[in-house]
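A quick write-up on the structure given underneath.
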Amino acid sequence: MLNQVEVPLEVLTDEYWNNVVSYIIEEYHCGRTPNPDVLCNTRIKFGAFVDATNGMGFDYVASGHYANVIHPCGDQMDEPSVLELSPDMVKDQTYFLSHLSQKRRDQEDSALGG
């Protein structure tokens, strides 16, 4: 299917192991339980993946999270993108995007935010 829509496949297995799994194992040994989903978003989806796709002409990453990222428009382009709670608190997933830097938040498109 990727060939039909001319989208290249990027496999980031090493990055996931090095930046998420190994860190979680290390933290478990220290008695801590980090959230792997938050780490995956900051280090893989909005880290290694965005870095790997730089220069391919993409403006945003559609994360599939149920959250609202409000991007500035018009004459307010210097303003930061803002992460807001979604209307449905049962489905809300803003926590999983809460650790993104402003630069990465500017690249996020949460079409599912309600």
Side-chain angles (χ1 to χ4, degrees):
M1 179 161 172
L2 290 175
N3 289 337
Q4 291 175 347
V5 293
E6 298 179 14
V7 174
L9 175 63
E10 296 287 335
V11 179
L12 303 172
T13 305
D14 291 340
E15 287 86 351
Y16 186 77
W17 178 264
N18 293 334
N19 292 299
V20 178
V21 176
S22 61
Y23 177 80
I24 289 171
I25 292 170
E26 186 178 309
E27 289 295 291
Y28 283 164
H29 286 158
C30 295
R32 295 183 287 265
T33 55
N35 186 316
D37 295 327
V38 172
L39 290 171
C40 185
N41 284 319
T42 57
R43 297 178 180 191
I44 304 302
K45 191 177 290 184
F46 292 97
F49 176 76
V50 170
D51 293 343
T53 59
N54 264 350
M56 292 184 172
F58 301 115
D59 295 324
Y60 298 100
V61 172
S63 71
H65 287 91
Y66 200 88
N68 284 325
V69 178
I70 310 302
H71 299 289
C73 59
D75 62 347
Q76 298 178 337
M77 293 305 288
D78 293 339
E79 297 295 318
S81 295
V82 178
L83 181 62
E84 291 184 351
L85 295 173
S86 56
D88 188 335
M89 292 306 297
V90 173
K91 296 179 183 178
D92 184 74
Q93 295 179 316
T94 55
Y95 172 75
F96 298 106
L97 302 175
S98 65
H99 291 81
L100 294 180
S101 67
Q102 183 62 54
K103 177 183 175 185
R104 296 303 194 200
R105 193 176 305 139
D106 290 343
Q107 299 168 311
E108 207 281 336
D109 183 20
S110 292
L112 303 178

Item checked: pair V38-S98: side-chain heavy atoms closer than 4.5 Å -> no
Note to self: Quick check: do I25 and W17 have side-chain heavy atoms less than 4.5 Å from each other?
What the structure shows: yes
Any link between [X] and [Y] through a network of hydrophobic side chains (Ile, Leu, Val, Met, Phe, Trp, Tyr) touching at under 4.5 Å?
X   : Y    : answer
V69 : F58  : no
V50 : L100 : yes
F46 : V20  : yes
L85 : V82  : no

Note to self: I need the full list of salt bridge (Lys or Arg N to Asp or Glu O under 4.0 Å) pairs touching residues 41-55, with sequence neighbours left out, sorted by first then second residue.
What the structure shows: D51-R104
Mind listing the closest non-hydrogen atom pair of [X] and [Y] along with its distance?
X   : Y   : value
A67 : S86 : CA-CB, 4.3 Å
P34 : L39 : CB-CD1, 4.3 Å
S81 : H71 : OG-ND1, 2.8 Å

Check: Can you name the residues that form a side chain to side chain donor-acceptor pair (under 3.5 Å) with T94, not counting sequence neighbours?
Finding: D92
Next item on the list: Step by step, work out the side chain to side chain contact (heavy atoms under 4.5 Å, CB included) result for R105 and L97.
Entry: CA-CA 8 Å; R105 193 176 305 139; L97 302 175; over 6 Å; no
Check: Any side-chain hydrogen bond (donor to acceptor under 3.5 Å, both in side chains) pairs touching residues 32-41, not counting sequence neighbours?
Finding: E27-R32, N41-H65
Checklist line | Nearest-0.5 Å distance, OG1 of residue T13 to CD of residue E15 | finding: 8.0 Å
